[in-house]
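Just so we're on the same page: letters track the sequence lines, and every chain starts at 1.
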2 protein chains.
Amino acid sequence: MRSNESFASAIRLRGMKLTRQRQLILEVLESSRGHPDAEMVYAKAKERDPRIGFATVYRTLALLKQLGLAEEHNLGEGHGHFEAVDKTKPHFHFTCLKCGKVVEFVSPQILRTTQSLCEKKGLLVTDIHLHFSGYCRHCRPAGSECAEKP
Amino acid sequence: MRSNESFASAIRLRGMKLTRQRQLILEVLESSRGHPDAEMVYAKAKERDPRIGFATVYRTLALLKQLGLAEEHNLGEGHGHFEAVDKTKPHFHFTCLKCGKVVEFVSPQILRTTQSLCEKKGLLVTDIHLHFSGYCRHCRPAGSECAEKP
DNA sequence: ATCTAAATGATAGTGATTATCAATATCAAA
DNA sequence: TTTGATATTGATAATCACTATCATTTAGAT
Ligand SMILES: [Mn+2]
Ligand SMILES: [Mn+2]
Ligand SMILES: [Zn+2]
Ligand SMILES: [Zn+2]
């Protein structure tokens with residue numbers, strides 16, 4: 001849960017400043033279910049700090065990405081969705097083209113295959129994004145109902 | 001090479017019109033090396049038809065995607081890159097974060113693993129995008145030179 | 001050749017993200 | 001604990017990729 005210390009040390013290591021806003025945005029992201037976009041992170045952060053700015057949200061999300069504490073995913077909408085990184089569970093994403101539902105996957109096998117493939121080519125892989133799209137159980141035949149969104 | 005016939009028939013099947021512009025854009029995409037973005041496709045098309053419009057390029061690329069004749073990839077820049085589909089060789093992409101070079105992969109094993117994983121969850125997969133990023137052979141240690149771009 | 005709906009192209013508009021910059025806050029040093 | 005240098009913020013303008021609009025053109029049927 002609290003990657004707060006590693007955040008603080010990573011920040012200080014680079015001569016940056018640990019601000020109230022940065023801590024808040026990380027907390028918002030870590031306490032979020034699913035894959036909020038920048039606007040959602042902004043809305044949640046604003047509940048706790050009404051003076052926070054949109055630009056700061058974007059800047060901080062970019063910073064968290066650089067530090068490896070957040071990932072950005074393209075889930076088929078025209079904008080990014082974010083997720084706090086839990087290094088113990090790298091996972092992949094499926095998006096239903098009809099209802100927009102996002103399903104998460106784990107596959108150590110795909111991770112292994114990818115790594116060995118890349119090593120053979122002399123590539124140093126820092127990030128893997130696997131994204132499928134198609135139709136979920138409910139949307140596949142001739143439609144039951146489907147609720148959740150990214 | 002010439003998926004021109006399948007294009008013509010797919011177009012007519014839907015009561016659409018086979019225009020000079022649509023044929024040109026498909027030809028441009030098929031004769032392109034690498035992964036041109038919309039602007040590059042526009043530039044190449046304009047060499048052969050100076051009157052062609054940007055909107056038509058976007059519209060046609062979207063159409064080709066729908067018909068399964070083109071794929072769009074997010075290679076880490078903020079915009080899409082396109083590629084004519086060669087159904088015999090589904091492949092994946094690696095982007096070097098330093099020099100921007102794109103390396104292509106083939107992995108029947110990953111394709112198989114993905115398909116079986118999704119079937120277990122009742123998902124109908126229509127599209128798989130696997131994208132790694134990191135540092136290529138030349139950019140990994142302390143830098144040799146690196147040329148090609150997306 | 002004529003007709004009609006689909007498609008085009010110029011351009012305005014949109015939505016997401018980034019740049020700018022004066023005001024503010026962090027944090028180290030005095 | 002004040003002070004001071006400067007990193008950061010927040011309001012907002014700007015940019016960038018892409019989409020909508022609409023008058024004009026064109027493909028393809030008759
Ligand atoms: Mn996820
Ligand atoms: Mn490719
Ligand atoms: Zn669905
Ligand atoms: Zn490189």
Side-chain angles (χ1 to χ4, degrees), chain A residues 4 7-26 28-29 35-67 70-82 150, chain B residues 4 7-28 35-67 70-82 150:
Chain A
N4 220 314
F7 184 42
S9 49
I11 285 274
R12 296 214 184 86
L13 193 67
R14 288 150 213 253
M16 297 174 135
K17 290 174 180 175
L18 188 64
T19 65
R20 182 171 37 85
Q21 292 93 330
R22 284 173 172 169
Q23 295 178 86
L24 173 55
I25 289 164
L26 176 56
V28 163
L29 196 64
H35 308 87
D37 55 21
E39 196 164 11
M40 177 60 67
V41 172
Y42 174 62
K44 288 237 191 92
K46 213 168 188 189
E47 287 175 12
R48 288 218 259 155
D49 178 359
R51 307 184 55 97
I52 203 163
F54 219 137
T56 301
V57 170
Y58 273 103
R59 278 188 295 239
T60 304
L61 288 172
L63 174 64
L64 292 172
K65 268 167 51 178
Q66 277 182 263
L67 300 181
E71 277 184 357
E72 180 173 1
H73 302 291
N74 279 99
L75 300 175
E77 308 181 47
H79 58 272
H81 289 252
F82 297 85
Chain B
N4 220 309
F7 185 40
S9 50
I11 286 274
R12 296 215 184 86
L13 193 68
R14 287 152 212 252
M16 297 174 135
K17 292 175 180 177
L18 188 65
T19 65
R20 182 172 37 86
Q21 292 92 333
R22 283 174 173 170
Q23 295 178 86
L24 172 56
I25 288 163
L26 177 57
E27 282 172 31
V28 163
H35 308 88
D37 56 20
E39 196 164 12
M40 177 60 67
V41 173
Y42 175 62
K44 288 236 190 95
K46 214 169 187 188
E47 289 175 11
R48 290 218 258 154
D49 178 357
R51 306 184 55 98
I52 203 164
F54 219 138
T56 301
V57 170
Y58 273 104
R59 277 187 297 237
T60 303
L61 288 171
L63 175 63
L64 292 172
K65 269 169 49 181
Q66 277 183 263
L67 299 181
E71 276 184 357
E72 180 173 2
H73 303 291
N74 277 98
L75 301 175
E77 309 181 48
H79 58 272
H81 289 253
F82 298 86

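- Rounded to an integer number of Å, the gap from B/Leu24 CG to C/dA7 C1' is 15 Å.
- Taking all atoms of both residues into account, the shortest heavy-atom contact from A/Ile52 to A/Tyr42 is O-CE1, 3.5 Å.
- Protein chain A touches strand DNA chain D; the 5'-most and 3'-most nucleotides with an atom under 4.0 angstrom of its non-hydrogen atoms are D/dT6 to D/dA11.
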Notebook entry, point to check: Going through the distances and angles, do B/Ser9 and B/Arg12 end up as a side chain to side chain donor-acceptor pair (under 3.5 Å)?
Noted result: CA-CA 5 Å; B/Ser9 50; B/Arg12 296 215 184 86; over 6 Å; no
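- Here the C1' atom of nucleotide C/dG13 and the CZ atom of B/Phe54 are 16 Å apart, to the nearest Å.
- Following rounding to the nearest Å, B/Leu26 (CG) and C/dA7 (C1') show an atom-to-atom distance of 17 Å.
- Between the side chain of A/Asn74 and the backbone N or O of A/Gly76, no donor-acceptor pair lies under 3.5 Å.
- A/Ile52 has its CD1 atom 14 Å from the C1' atom of C/dA25, to the nearest Å.
- In this structure, the side chains of A/Leu24 and A/Arg48 come closer than 4.5 Å at one or more pairs of heavy atoms.
- Separating the CZ atom of B/Phe7 from the C1' atom of C/dA7 is a distance of 12 Å, rounded to the nearest angstrom.
- Residues A/Glu71 and A/Lys65 form no side-chain contact, since every pair of their non-hydrogen atoms from C-beta on lies 4.5 Å or further apart.
- Taking atom CG on B/Leu64 and atom C1' on C/dA7, their separation rounds to 15 Å, with Å as the unit.
- Between B/Tyr58 atom OH and C/dG13 atom P the separation is 19 Å, expressed in whole Å.
- An OP1 or OP2 oxygen of C/dA25 is reached within less than 4.0 angstrom by no side-chain nitrogen or oxygen of A/Gln21.
- Looking only at distances, a side-chain donor or acceptor of A/His81 sits under 3.5 Å from a matching main-chain atom of A/His35.
- Contact annotation: the side chain of B/Arg22 approaches that of B/Thr19 to within less than 4.5 Å [non-hydrogen atoms, C-beta and beyond].
- Atom OH of A/Tyr42 and atom C1' of C/dG15 are 16 Å apart (whole Å).
- Residues B/Pro36 and B/Met40 come closest through the heavy atom pair CB-CG, 3.6 Å.
- Toward the 5' end of DNA chain D, the nearer of the two residues A/Arg51 and B/Arg20, judged by each one's closest nucleotide, is A/Arg51.
- Note on A/Arg22: only backbone sugar-phosphate atoms sit closer than 4.0 angstrom, heavy atoms only; bases stay farther off.
- With a 4.5 Å cut-off on side-chain heavy atoms, A/Leu63 and A/Ile11 count as touching.
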Between the protein and nucleotides 27-30 of chain C, which nitrogen or oxygen pairs come in under 3.5 angstrom?
from: C/dC27; atom 1: OP1; to: A/Leu18; atom 2: N; distance (Å): 2.8

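- Toward the 5' end of DNA chain C, the nearer of the two residues A/His79 and B/Gly15, judged by each one's closest nucleotide, is B/Gly15.
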